[in-house]
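All of these numbers come straight from a predicted model, not from anything done at the bench.
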Amino acid sequence: MKVHFKSLLSQLTKPNQTLPRTRILHALIIKNRLSIDPFYATRILRFYAINNDLISARNVFDKTPQRSVFLWNSIIRAYAQAHEFLDAYVLFKRLLSSETQPDNFTFACIARACADRFDVEVLRVVHGKVVAFGLGLDFICNSALVSCYSKLGLVDEASYVFSGIDEPDLVLWNAMISGYGSCGDWKKGIELFNAMQNTGIRPDGYTMVGLITALIDHNSINVGETIHAFCVKCCLALNDHVGSVLVGMYSRCKSMEFARKVFDSLVQPDIVSWSTLIAGFSQAGDHLKALEFFRKLLMTGRRADPVLLASVLTASAQLAILGPGCEIHGYAVRHECNTEVLVSSALIDMYAKCGFLELGIKVFEKMPKRNLVSYNTVISSLGLYGRARDAFQVFDEVLREGLTPDEATFAGLLCACCHSGLVNEGQDYFRMMTNEFGIEAKTEHYVHMVKLLGMDGKLEEAYDLIKSLPEPVSPGIWGALLSCCDSCKNYELLEVIARYLLENEPNNCSYSVMISNLLAGDGRWDDVKQLRVEIGGVKGKMPGVSRISDRNY
DNA sequence: TTAGGGTTAG
């Protein structure tokens, strides 16, 4: 019997167990009357949670009369990780009013759940409890709080918490550096990185990921290269997380050669590293290379996940060739992830962009669960095909489902109105967007409105709309009006706008290119020459003037 | 003589 217990115990202290093995172990524990012991109960509960069997996990919790803080924390964590926030929070409250004292891990866990749910109010309540329970200086609670405030965009509050700690440990430094990373403040990140090193603490992979993340949106390639060199020096580049952020950083700077070099230096790149590289090729405009690397990944025998599938479907959509997209669809069906929201939405977009809207709609109709992204995709797709009325119906469904439309929803609707020439409906949706939903109109929305008015012959009205916008007006919006003038052959207004733009934006080359092209389209070469003189232009200053040839000039 | 965990990537 003793041997039996020993073997059972060794199984229970292993880090992971499959669901069938967990059930056997559970049965053995019950048979040996060990289930009342919170130690055994905690182990079994965790195994169930790892295997996503929340019902069994809860059952273990409910049937254990003596609940240690380990058991409480494990069930709260199980719900939090399954994104069942309310259950996690109710249990957290129950724990607070029970005889068991919560500990630092309890608060860290529930704080993280708040951040995952973007719930600042509850996070502040949890923060208050941390202080009330005398854990205001605890490293575990505070590293979680720093990270959570940062994730919610409250980096100043994170910094306030961080500065309250006397001698932060590596995890706390990392949490704060990542916090600056998530808000893109790379200068503060580097400042902190130096301060940390001055205290004698050596950085690890987490530190570097935080720093590099801060650089990604800033195209600060020089700083990035320095950090990369530092990682290599410290042998940190071999870590998958560090590797993939480096790949992402180089991709964002369109330095695919370097991205590839980092990727090649990874011993066994994981799915995220592959995915980053593949998306990088696509972002750099090399969609064929993206698909080529996707095939290479499959040849290694690894399995693609929904994020990667969505990414390669986007590459196929950009190429507007049906073949690869269909193959990926087949792969998704075979691996039972074709109904994942992310994959389905990418499939709809791919089919629509490849000219097979109906196939996209079929995917949409078969989706068991839809979110705003999938609705937005189908609205834009219908709009592109001029099926505005159908797009409006889908929009009504969005409202019936209780979803709140966002700027992409209205961009899709306005695009639909544009393609179908529905001026009144477009104006109604524009008003609805700003007045009812409080969404600020962006360049894309104005472009559609200008096109809508312009193509209806209301060029003056479109011109007035643009002039009512605060400066600076995006070149895309002026471009929309100029091309409407061109289509309507209203060269008088075109000239008025040209003069206005040249006077107000003399240094913006893109206007002179647009205007030259349009005048050239009308065969008005003298005006083009005059324009070039006016902007002090020589040929080299106006690249890409496609409709002007040397012969005409 | 047991257990958990706070910071990272597409």
(message) Categorize A/Thr207 for me: base, sugar-phosphate, or nothing, with a 4.0 angstrom heavy-atom threshold over every strand shown.
(response) nothing
(message) I need the CD-C1' distance between A/Gln66 and B/dA3, as an integer number of Å.
(response) 16 Å
(request) Kindly point out which of B/dT8, B/dG10, B/dG5 is positioned nearest to the side chain of A/Phe105? (result) B/dG5
(message) Short of 4.0 Å, heavy atom to strand atom, which residues of residues 164-172 of chain A count as contacting DNA chain B?
(response) A/Asp169, A/Val171
(request) Specify the separation, in whole Å, of atom CG of A/Asp116 and atom P of B/dT8. (result) 10 Å
(request) Determine the contact category for A/Val245: base if any of its heavy atoms lies under 4.0 Å from a base atom, sugar-phosphate if only primed atoms, P, OP1 or OP2 are that close, otherwise nothing. (result) sugar-phosphate
In residues 164-171 of chain A, what donor-acceptor pairs under 3.5 Å come from side-chain atoms, sequence neighbours left out?
| residue | atom | partner | partner atom | Å |
| --- | --- | --- | --- | --- |
| A/Asp169 | OD1 | A/Val171 | N | 3.4 |
| A/Asp169 | OD1 | A/Leu172 | N | 3.0 |

(message) Need one value for A/Asp270: base, sugar-phosphate or nothing, where a base atom within 4.0 Å counts as base even if backbone is also close, heavy atoms only.
(response) base
(request) Report the distance from atom CG of A/Leu135 to atom P of B/dG6, rounded to the nearest whole Å. (result) 15 Å
(request) Kindly point out which of B/dG6, B/dG10, B/dA3 is positioned nearest to the side chain of A/Ala144? (result) B/dG6
(request) Using the salt bridge (charged side-chain N to carboxylate O under 4.0 Å, His left out) rule, collect all pairs that involve residues 336-350 of chain A, keeping only residues at least two apart or in two chains. (result) A/Asp349-A/Lys353
(request) May I ask you to decide if the ring planes of A/Phe107 and A/Phe133 are parallel, tilted or perpendicular, using 30° and 60° as cut-offs? (result) tilted
(message) Regarding B/dG10, can its base be found pairing with the side chain of A/Asp305 as donor and acceptor, where the two atoms are less than 3.5 Å apart?
(response) yes
(message) So, does A/Arg43 get its side chain near the phosphate of B/dT2, meaning an N or O under 4.0 Å from OP1 or OP2?
(response) no
(request) Quickly work out the A/Leu211 CG to B/dT8 C1' distance and round it to whole Å. (result) 12 Å
(request) Measure from the side chain of A/Arg77, starting at C-beta and using heavy atoms only, and say which of B/dG5, B/dT7, B/dG10 lies closest. (result) B/dG5
(message) Please report the interatomic distance OG(A/Ser251) to CD1(A/Ile278), rounded to the nearest 0.5 Å.
(response) 11.0 Å
For residues 371-378 of chain A, which side-chain donor-acceptor pairs fall under 3.5 Å, sequence neighbours excluded?
| residue | atom | partner | partner atom | Å |
| --- | --- | --- | --- | --- |
| A/Asn371 | OD1 | A/Val373 | N | 3.1 |
| A/Asn371 | OD1 | A/Ser374 | N | 3.0 |
| A/Asn371 | OD1 | A/Ser374 | OG | 3.2 |
| A/Ser374 | OG | A/Asn371 | N | 2.8 |
| A/Ser374 | OG | A/Asn371 | O | 2.7 |
| A/Tyr375 | OH | A/Glu397 | OE2 | 3.2 |
| A/Asn376 | OD1 | A/Thr409 | OG1 | 2.8 |
| A/Asn376 | ND2 | A/Asp406 | OD1 | 3.0 |
| A/Thr377 | OG1 | A/Val373 | O | 2.7 |

(message) If you count every heavy atom of other residues, nucleotides or ligands that lies below 6.0 Å from A/Arg302 atom CZ, does the total exceed 12?
(response) yes
(request) Can you label the angle between the A/Phe293 ring and the A/Phe263 ring as parallel, tilted or perpendicular, going by 30° and 60°? (result) perpendicular
(message) Heavy atoms only, 4.0 Å cut-off, all strands: where does A/Leu308 land among base, sugar-phosphate and nothing?
(response) base
(request) Round to the nearest Å and state the distance from A/Phe70 atom CZ to B/dT2 atom P. (result) 9 Å
(request) Anything under 30° is parallel, anything over 60° is perpendicular, the rest tilted; go ahead and classify A/Trp173 against A/Phe162. (result) perpendicular
(message) If the cut-off is 4.0 Å, is A/Arg252 near the phosphate of B/dG10, judged by side-chain N/O to OP1 or OP2?
(response) no
(message) Of the listed nucleotides (B/dG6, B/dA9, B/dT2), which one gets closest to any side-chain atom of A/Phe39?
(response) B/dT2
Below 3.5 Å, can you tabulate the donor-acceptor pairs from side chains in residues 111-122 of chain A to any protein atom, sequence neighbours excluded?
| residue | atom | partner | partner atom | Å |
| --- | --- | --- | --- | --- |
| A/Arg117 | NH1 | A/Asp119 | OD2 | 3.4 |
| A/Asp119 | OD1 | A/Glu121 | N | 3.4 |
| A/Asp119 | OD1 | A/Val122 | N | 3.1 |

(message) Can you tell me how the ring of A/Phe294 sits relative to the ring of A/Tyr331, calling it parallel under 30°, perpendicular over 60° and tilted otherwise?
(response) perpendicular
(message) Does anything in residues 272-288 of chain A come within less than 4.0 Å of DNA chain B? Heavy atoms only, and list the residues if so.
(response) A/Val272, A/Ser275, A/Thr276
(message) Just the rounded figure in Å: distance from P of B/dG6 to CD1 of A/Ile76.
(response) 13 Å
(request) Quick one: closest heavy-atom pair of A/Ser68 and A/Thr42, and the distance? (result) OG-OG1, 4.2 Å
(message) What contact category does A/Ser147 fall into here, base, sugar-phosphate, or nothing, at under 4.0 angstrom with non-hydrogen atoms?
(response) sugar-phosphate
(message) Need one value for A/Asp138: base, sugar-phosphate or nothing, where a base atom within 4.0 Å counts as base even if backbone is also close, heavy atoms only.
(response) nothing
(request) Measure from NZ on A/Lys151 to P on B/dG6 and round the result to the nearest Å. (result) 10 Å
(message) Output the rounded distance in Å from CD1 (A/Ile201) to C1' (B/dT7).
(response) 13 Å
